[in-house]
Every structure is written in C-alpha cells, then in structure tokens.
**Student:** 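One structure, pasted below without further comment.
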Amino acid sequence: HRWVAPEHALSPVIQSWERCCRRSNAYQWNKPAIASGATLESLLKRSKDLTTLSAAVLEDSEQYQPQRRLAIVVSDISACCLKFWGDQSLIQNLQALGLARGSYWNEDQIGTNALALALHNNEATSVFASEHFQQALHLFSCHAAPIFDDQGKPYAAVMIVSDISNHHGGDLALVASYAKEIGNLISLENSVSERNTLICQRDAVLESIDDGLIAWDENQRISFINRQAQNLFNRQRDRIIGCKASELFRFPPLIMHALQERSSLSHVDITFECDNDFVSSKVTVRPLNDGSWLFFMHPEQVDHKSPSIAE
Amino acid sequence: HRWVAPEHALSPVIQSWERCCRRSNAYQWNKPAIASGATLESLLKRSKDLTTLSAAVLEDSEQYQPQRRLAIVVSDISACCLKFWGDQSLIQNLQALGLARGSYWNEDQIGTNALALALHNNEATSVFASEHFQQALHLFSCHAAPIFDDQGKPYAAVMIVSDISNHHGGDLALVASYAKEIGNLISLENSVSERNTLICQRDAVLESIDDGLIAWDENQRISFINRQAQNLFNRQRDRIIGCKASELFRFPPLIMHALQERSSLSHVDITFECDNDFVSSKVTVRPLNDGSWLFFMHPEQVDHKSPSIAE
Amino acid sequence: MTIEKSQILNWLNSCADIFAKERDYLTQLDADIGDADHGINMNRGFERVKDKITTIEDQDIGTIFKTTGMTLLSSVGGASGPLYGTFFIRAAAAGNGKQSIDLNDLCQIFSDGVDGVVARGKAQPGDKTMCDVWWTVVEALEKSKDEGQDLQQALVAMGEASEKGAAATIEMQAKKGRASYLGERSIGHQDPGATSSMMMVKALRDVVVGQA
Amino acid sequence: MTIEKSQILNWLNSCADIFAKERDYLTQLDADIGDADHGINMNRGFERVKDKITTIEDQDIGTIFKTTGMTLLSSVGGASGPLYGTFFIRAAAAGNGKQSIDLNDLCQIFSDGVDGVVARGKAQPGDKTMCDVWWTVVEALEKSKDEGQDLQQALVAMGEASEKGAAATIEMQAKKGRASYLGERSIGHQDPGATSSMMMVKALRDVVVGQA
Ligand SMILES: Nc1ncnc2c1ncn2[C@@H]1O[C@H](COP(=O)(O)OP(=O)(O)O)[C@@H](O)[C@H]1O
Ligand SMILES: Nc1ncnc2c1ncn2[C@@H]1O[C@H](COP(=O)(O)OP(=O)(O)O)[C@@H](O)[C@H]1O
Ligand SMILES: [Mg+2]
Ligand SMILES: [Mg+2]
Ligand SMILES: [Mg+2]
Ligand SMILES: [Mg+2]
C-alpha cells in the first residue's frame, strides 16, 4: 500500500513491511502474546544473570539525560521483554498497548518493530514512527541491538524507546554500545569463571602429586612451592616465597646452564644446596613462555618401574 | 567574575572556574602543550593497546548518527589526546586552536574542560558552551568519561565533542557507555591472557610430573589423560577421551564408594581393570567443586622415600 | 590467632543474608538522600556473590575476594557497585595464596581495599561516604595491632569503630555522589553506603567472634 | 598427513605479513564499495595476533584459535571484526587438545568457523560476502576428503576454490554490509572481505604445501 523507491527496496524495514502486509491489518492493533504467572517466573529465572547485569548497566541511563522521556527494555532471544527501566509514564503507555513485561515483540503479532528486526538481522536497528507497520506504534521511536555471546550467537537484545517528539539519532549508537557493554560484561564473567576452574584444577594437581614443585617468575623470584617440595627444606614457606631462586639454591652447572639457555632438562639426577643442606634428587626444569620456570623434584622410583599392568 | 547561586557552588564546573580564575585570563587563548616527534611516537607506542581497541569501539560511531558533526577523542591519564575520529571539519576547528593529537587538555592551560574534569573527578562529565572557562571553547559541547582498569584505577579517558548547535544530552550517556565498553574489552583481554598463562602452567605440570593423571567431568566423561597414564593402557588416546570412566574402568568398591560420596582418597593401593587388563597402582582420587574428578596414579617409590636430604 | 577461609566464606554468605534482610532499611536511607536503590542493589549484588561462592570454595582467600569484587562490580550498579567491587579486588592481593589470615593481613586487606575505593571515588574524610566508615575501621585495626591486642579484641574494636563511623556521617554534608546534590539537606541522615559498610564489618566480627 | 601446530603458528604469522603487505589493496577494494578501511582493520587486527602468538606458542591448537578469535574480535572493528573473531572462536572447538590436525579436522574447523560467521552475519550464498569464499572452500575440502585425496591435494584444491569464490563475488550484488547500500553499483567489484578470506586460505596452503 505504500510506494517504495527501488533503492530502498532492500532496507530491513521495507522487507519487514512486505512480510507484514501478507498477514496483518496495519490499522487493527492486537495485543501481543504475553508470558505471565509461572511461565513468566520461569523465564525470568532463566534470564536472571542477563537481567541482573543489564540492570547494573542500564538503570542509571536516564540520569545522564533527565530531560528526555526514555524507556529501556531488555529482551531474551525470542523478543520477550524481561525488564523495563526509565520513564514511568512512557512505560505505562506501552503497557496500555499490551507491551508490558512478558510481552513478545514478534513481527507477526505487532508488525515491524526494532526489537524483532534487530534479532532478525543481528544488527543494531532503528524503527521510527510510521516505519512501524502498525499504526498504533507510530507514536514511538525505537532503537534495538542484539547481544552476542563469545561464540557469536545472539541470545538477548536491548531497546531504547522514546516518543517521536523525543527522537534522537544518537540513541542508536547508545543502544549499540549498551548491547556491547552487557555482552562484554557477561564474557568477562565467563572468563573469570573459567580462570577459577583452571586455578582449582592446577592447585588440586599440585597438592596431590608426589613430585615436589617450585616455581619462580621471570625475575627468578620464587612464587610457589608445594607441600611435597616444602618438606625437603628446613626453611619456613614464607622465607622461601619471594626469594631469588639463584640466591636460595646453589645449583650444579648442568642446571645453571639450562637456566641460562632457557632449555628444559628432564629427569636428571643432581645434588643442590640450600642453607648448607644438600638435596639429592631427580629433577626436571622447564621454562614457560612468560619467562617463568617450573622446577620438579621427582621421588625415586622402584626400579624406575611405573604402576604395573598385570596381563 | 560570575555570580553563582549557592546551591551550585559545589558543582565540578564552578570549582574548576575557581581554580582557573586564579591563574588564567578567560579571554586570552593560549595553545596548550603538545607532544610531538619522538615524544609523541613513544606515547602512542605505550598506549597502542588502548588506541587499537578504542578504534574498534569508536571508529564507526558516526555511522549511527550521520547527520551530526561529532568528534571522538581518546586520551591517556594525563589528558594527552592520542587519537581523533569523526567529522573532519570539526577536528580541524579543534586543531586550529592547537587541540590536535598530542595536545594536553590540562585545566591550567586551556581552562575548564570535560576531559580534565572527568579525569579529575573520576566521573562522566559534561562541559557545555560557556561552562568552559576559556572563551575560545564556548563553541563546543563536550562530554568525557574516564576508563578504569580492574583495580579501579583510571588510566585513560574518552570524549565526545560537538558544536553547541549540535548539542545533545544523550552524548553523556554515550561517552559513559563507550568508556565502559573499552574498559571491559581490556579487562577481557587481560582475563584471556591470564587464562592462557594458567593453561600453560597446568599443561607443563601435567607433562612433566611422574604421576599419571586422568580427569573426567561431572558426567563422568574422560576429558584428559596425560602421557604417563596413557602409557599404562593398551587403548589409543582418542578411544579414551570422551568415554565414561565407569564404563571404561572397573574400579574396586573402595573407589566406587569415594566416587559416590564425592570424597577424596589419597595414595591407596588398588587394582582396577581396563579392557581385560589389570592395573595395579597407588592412586589418589579427588573431586573438584565443579563436579569433575582427578584420578592420579603414583609410581611406586623406593622405600616410600622422597628425594633425600644429606645433612 | 587467625581467620580461617571457612570463616571468610561464612562472612560473605552472612553479608548476603544481611543485605536481603536490611534491603528495605538501606533503600529507605537512600530514599532520604539519594535515589532509593542502595538496599536493592546491595541485595542484588550479594545474592550473586552467594551463588558464586559454591564454585570458589576451594580457592585461596585472594581468589575468593577477587571473584567477589568482580561480581559486585558487574551486579550492584550505581556508584557503590564499582566502589565495593574495587574494594574487594584490591583486597585480594593480600589474600593471595592464603587459606587463613591474621590481624596483620586483615589490616593490609582493608587498607588496600579502602585505598582502592578512594582511588576510584576520590572521597575525602567528612564527605559523607562509605570511606568515612572504612577509614575508622582501618584506624581501629591498626591501633589494636600496635597495642598488641589479639584478633578477637581487634575485631570487637573494629565493630565499634564502624558503628561510630557510620553514625558520624549523620551530621556531615555530602560532597560526593547523589546526596551531594542536596547540599545542606543531606545533613541529619545517615549515609546509606556508610551503613552498608558498617553492616559488612560487623558481620565479619560476628562470624569470627560471635555476637558481641 | 597432518598440519603441525608450528605450521598453524606460521600460518597466522604469515597472515599478519600478508595483511601488512596487502593493506592498501584491500583498503582500495573497500573504497570502491565500502568505507575504505578493510585493509587497515585487517592489518591492525593481525598485527595484534602476531604480538600475541609468542605468548601462546605452547598451547594446543584450540587455544591458539580461540585467542586469535578474541583478539580479532576486539581489534579489527567494523563488520568483519566480529565475523572473523567468531570464525576463529568457533573453529577452536575442533582444535582443542590437539597439537596437529588432519584433513578431517580441517574440514570441521573451517565448517564450524563459517557456521559461526553465518550465525552472526546471516549471510546467504550470493550476498557478496566473505561467506561466498568460505562456503566454496569448505565444499572443496569436503570433496577432497570424500574422494580420498591426501592433505596436500586437498589444500591445493582449497586454494583454487578460494580464488574462484572471491572472483565470483565480482558479479554479485551486495545484500549485506555497507556495500549493500550501493545496490546495483556494487556489481563489478570484488568483495573486500571475500578477498581477505581468500588470502587467508591461500596463506595456509602456502605454509603447508609451499608456493603452488
Ligand atoms: N565518590 C564516592 N566515594 C565513596 N563513596 C561514595 C561515592 N559516591 C557514592 N558513594 C557511596 O555510595 C552510596 C550510594 O550508593 P548507591 O545508592 O548504591 O549508588 P547511587 O547513588 O548511584 O544510587 C553513598 O551512600 C556513598 O556512601
Ligand atoms: N553480514 C555479513 N556476513 C558476512 N560477511 C559480511 C557481512 N557484512 C559484511 N561482511 C564482510 O565484511 C566486509 C567488510 O569489512 P570491513 O570493511 O572490515 O567492515 P565495515 O564494512 O564495517 O567497514 C565485506 O566485504 C564482507 O565480506
Ligand atoms: Mg542510590
Ligand atoms: Mg542508583
Ligand atoms: Mg569497511
Ligand atoms: Mg568500517
């Protein structure tokens, strides 16, 4: 019903209209599907991390521009609105249309809209005034952007809504930045979790193995010693950590050479000195690519036999 | 020289004016100090990560609001401008005032300005038109926000500049979001680096120790086996990884009990079965708090003696 | 005498319970001189800390603090989120590799923490902020340490100091944060951030010493 | 026959060199139908990858790809940054725990990678994007695998397919990205992202097989 110049024929909004034309009446508003009760509770629970972190990012947005009436919404991947922030009267206007928490901003129900388009095209998208298919939405200026996980998969979206009198093109930049801010925050949390898991694994291994291990950093400062190694020395732990390895220990030339050349040595029998005590051990020295070193002391094995297989 | 109502007396801008009044003439513009040549090169090199990541965040900003003339600047902690993006004519206007790359937006040189204030107060700050102390800056609307590291220390800032005719309060929200976006990105990179270091350490340890180690996840699927453990079995590695531990191995009741109770066992002598082979070993089983397990196989030691200390 | 890791974990869980219980009270304080969300946000942040604790129980105290800090940084929001986040992230350094901490460590931990809050928020004494509690707390701990008190006595002194510090904010005029917009009208109200800091500090005392 | 980890590292270093050398050419392609920055951005991103490689040399191939992906994601910018970033992050799964990869693995790696690009960018065949190269590359590798070719032959076929794929974008009308704004005027120009993908693919061939 609207004439479109050929060069705009590909615009996301036009393509959306074409889809809407076939199935809806632009002048008849129907409230969209809305999750409520236990369904809504369960949706909110599933998205708890998302809404919590989004709240920390979005809830103060209005303080930066107090003179504007804005609403900000976060939705899940199905365009179901999970949480609203911002100007209460604007939020109520949306609620009056059925666009409240739990409502699905699906294109086939409420026509062309920024949230659905952003999730459809995986791009920050604006839909302004009469670009909305449904006449009832012609009052609004909307900008939405998807939120991606590390694997590039979209799993949520954030949208800024204002009255058309309050329209500002910069809201598209803002919502795109919010989407990235939230996405990066969640990536950061995942990365911290992964880091914690690795630390757990590493520490459990270091505690459980029979080998003694001493680690020192690129400045030769001892950063770690496990219990098994600790037991071999007469010094207290806190008088080992932080000391320079080359000052605390007197290593034989074989070891000194490897340290200088930054080369590994595996399972060599040496004797070295610490505080006038001599320690004899089969050792492995191993440089890591950040300049640090691992120094293993292997217990002597029975006939160098490993756990036996009886066939 | 300007009367200020008492309730505004504490505003950052007013406090800044008070500092400026004592030392500058608002009607005489002096170009600020500017780093150039080798000094600038060295500054840029030192901030390379910052400018590279900022570029990825900021360089497309104008595409979201093509009708506005904006410049975006990133500075280091000393308010030295490292990089400009955006409208070229606006950037040239700034350059004409000496506010080019390498220039220091210090309050004592160019008077009250958003960049200096943001870094002074550690807060997103706007300075609009005649809020600038220096008359020469009354043409501009500026919004700046500091960028913080993980430890809460500011180390950079980002600023949006426009003509006052192009002023929009939303730019404060935008610059605050950009600052967080960049900060989170850098935190993420650091977290990934840390993760890589931990993986390096863990893998080096697992390769160098004498103990054999098998790890399985919370679903009992074997996720890891080191070479030392691998050598004890007649199966290929890729026919061990991914198998269920309880299907591949037949453990004695002592072990099964520990697995069920999620309890540790340390250095117990057992015999267990794999593919009709019997393996005898001193083992340690250890649950981790994410539900996974570590299963160590310790080589038999000479008289249970550890590396010897000769006194 | 030391604070064991298990007690640190109990402390953080206890904070979660306290901020659930005192959510409305802290929100009311923040309604008087702010935007009425401090209790809501502390509750939100510490709920997440409580969730995360189960995954970090086996770590050293430093890692526990760092994870707590990063969680608060991203969940609490507002002005106090980055401040409490930075507090715990900075506090982590002195807890690295440790499974227990003594009075010396605690002084270092709280001192590093408040240094972080000050570096981030640039508060000064008397600005009517959470720092007005942390400074008195650190001062009390250092004093106890210098006087050779044992850990229990130091924690009791620390708890008292935190109460005094929070109460002292009542008569201050806010110079930082939202309350500063009210100028003189902020006088006569206890600062919400100072109050939540006091609650945190007393929770530690209670976990280690028991109700005083 | 396999591709060793050292060759993977050489490949990434080689990409860095190529994107330094071809920076202006790719930028020119992007000037014709875009915003004249594709070469600049690929150079920027792969320079950083080159820097990071020294710190991840000891890792398995999966970790190397994941780090590469995250670096590209945060440094390249524009449309191609998230796409190439996602490519390598997705590719990492099939390289986890591996110190070498065979033809099967390579098929999986590239296939996962392009699935990620499509999931993120929603490109379809003929849209004139980098995917038009990756699809032909994956197709060629699968075909070589099915026909029982060895790795060398597969890589040669892969290189040829990438050239064909990039050339095929010349006659396409862009439906994605900035070039799509030009509509019909995008026809007659080779797509910059398709070109950089081709360069990447040929670099792998050259590292393993030598100049063909
Ligand atoms: N710059 C600052 N330095 C230290 N503490 C601050 C600062 N700004 C605010 N606070 C603390 O934060 C508290 C308010 O926290 P909260 O309500 O969560 O944040 P917001 O004010 O953003 O809503 C104040 O009571 C005060 O103790
Ligand atoms: N949706 C998409 N799917 C796949 N590839 C895309 C998509 N959008 C853009 N590209 C690729 O990105 C290239 C442009 O990259 P670049 O110039 O770096 O980004 P920008 O267009 O943002 O400046 C295009 O040549 C095309 O190959
Ligand atoms: Mg508040
Ligand atoms: Mg608030
Ligand atoms: Mg481009
Ligand atoms: Mg671009």
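First the proteins, then the strands, lettered A, B, ... as listed; each starts at 1.
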**Student:** Looking at A:Ser126, A:Cys200, A:Gly170, which has the largest count of heavy-atom pairs under 4.5 Å with chain B?
**Tutor:** A:Gly170
**Student:** Measuring heavy-atom distances to chain B, does A:Glu181 have an atom under 4.5 Å in its side chain, in its backbone, in both, or in neither?
**Tutor:** both
**Student:** Count the heavy atoms of every other residue, nucleotide or ligand shown that sit under 6.0 Å from CD of A:Gln151, and state whether that count exceeds 12.
**Tutor:** yes
**Student:** Heavy-atom cut-off 4.5 Å, strictly under: side chain, backbone, both or neither for A:Leu213 against chain B?
**Tutor:** side chain
**Student:** Check this for me: A:Arg250, atom CZ, are more than 12 non-hydrogen atoms of other residues, nucleotides or ligands nearer than 6.0 Å?
**Tutor:** no
**Student:** Quick one: are B:Asp210 and A:Asp210 in side-chain contact, heavy atoms under 4.5 Å?
**Tutor:** no
**Student:** Identify which part of A:Ala124 has an atom lying under 4.5 Å from any heavy atom of chain B, answering side chain, backbone, both or neither.
**Tutor:** side chain
**Student:** Is there side-chain contact between B:Arg68 and A:His168, with heavy atoms separated by less than 4.5 Å?
**Tutor:** yes
**Student:** Is there side-chain contact between A:Leu288 and B:Gln201, with at least one heavy-atom pair below 4.5 Å?
**Tutor:** yes
**Student:** Could you look at B:Ser191 and say if it's the side chain, the backbone, both or neither that has a heavy atom under 4.5 Å from chain A?
**Tutor:** both
**Student:** Chain B heavy atoms under 4.5 Å from A:Tyr178: which part of the residue, side chain, backbone, both or neither?
**Tutor:** both
**Student:** In terms of heavy-atom proximity below 4.5 Å to chain B, should A:Asp60 be classed as side chain, backbone, both, or neither?
**Tutor:** neither
**Student:** Select, from B:Asn184, B:Asp211, B:Leu206, B:Ile199, the one with the greatest count of heavy-atom pairs under 4.5 Å involving chain A.
**Tutor:** B:Asp211
**Student:** Side chain from CB out, backbone as N, CA, C, O: work out which of these in A:Ile209 comes under 4.5 Å of a heavy atom of chain B, or both, or neither.
**Tutor:** both
**Student:** I'd like to verify something: which residue of B:Gly169, B:Ala204, B:Ala176 has the highest number of heavy-atom pairs under 4.5 Å with chain A?
**Tutor:** B:Ala204
**Student:** Distance check, rounded to the nearest 0.5 Å: A:Glu189 atom CD versus B:Leu188 atom CG?
**Tutor:** 12.0 Å
**Student:** Considering only heavy atoms and a distance below 4.5 Å, find which of B:Val283, B:Thr271, B:Leu294, B:Val205 pairs most often with chain A.
**Tutor:** B:Val205
**Student:** Quick check on A:His143 against chain B: is it the side chain, the backbone, both or neither that has a heavy atom closer than 4.5 Å?
**Tutor:** neither
**Student:** Side chain to side chain contact (heavy atoms under 4.5 Å, CB included) between B:Arg195 and A:Leu198: does it pass, once the steps are laid out?
**Tutor:** CA-CA 8 Å; B:Arg195 170 195 174 276; A:Leu198 285 168; 3.7 Å; yes
**Student:** Which atoms of B:Asn289 come close to chain A, meaning under 4.5 Å heavy atom to heavy atom: side chain ones, backbone ones, both, or neither?
**Tutor:** side chain
**Student:** Is A:Arg286 close to chain B through its backbone or its side chain, or both, or neither, when contacts mean heavy atoms under 4.5 Å?
**Tutor:** side chain
**Student:** Evaluate whether atom CD of B:Glu123 has more than 12 neighbouring non-hydrogen atoms of other residues, nucleotides or ligands under 6.0 angstrom away.
**Tutor:** no
**Student:** Might you confirm whether atom CD of B:Gln67 has over 12 heavy atoms from other residues, nucleotides or ligands at distances under 6.0 Å?
**Tutor:** yes
**Student:** Against chain B, label A:Ser177 side chain, backbone, both or neither, depending on which of its atoms sit under 4.5 Å from a heavy atom there.
**Tutor:** both
**Student:** Once salt bridge (Lys or Arg N to Asp or Glu O under 4.0 Å) is applied, do any residues pair with A:Asp217, and if so which ones, sequence neighbours excluded?
**Tutor:** none
**Student:** Who wins among A:Gln228, A:Glu62, A:Glu207 for the most heavy-atom pairs under 4.5 Å with chain B?
**Tutor:** A:Glu207
**Student:** Side chain from CB out, backbone as N, CA, C, O: work out which of these in A:Ser266 comes under 4.5 Å of a heavy atom of chain B, or both, or neither.
**Tutor:** neither
**Student:** Measuring from atom OG of A:Ser208 to atom CG of B:Leu265, what distance do you get when rounded to the nearest 0.5 angstrom?
**Tutor:** 11.5 Å
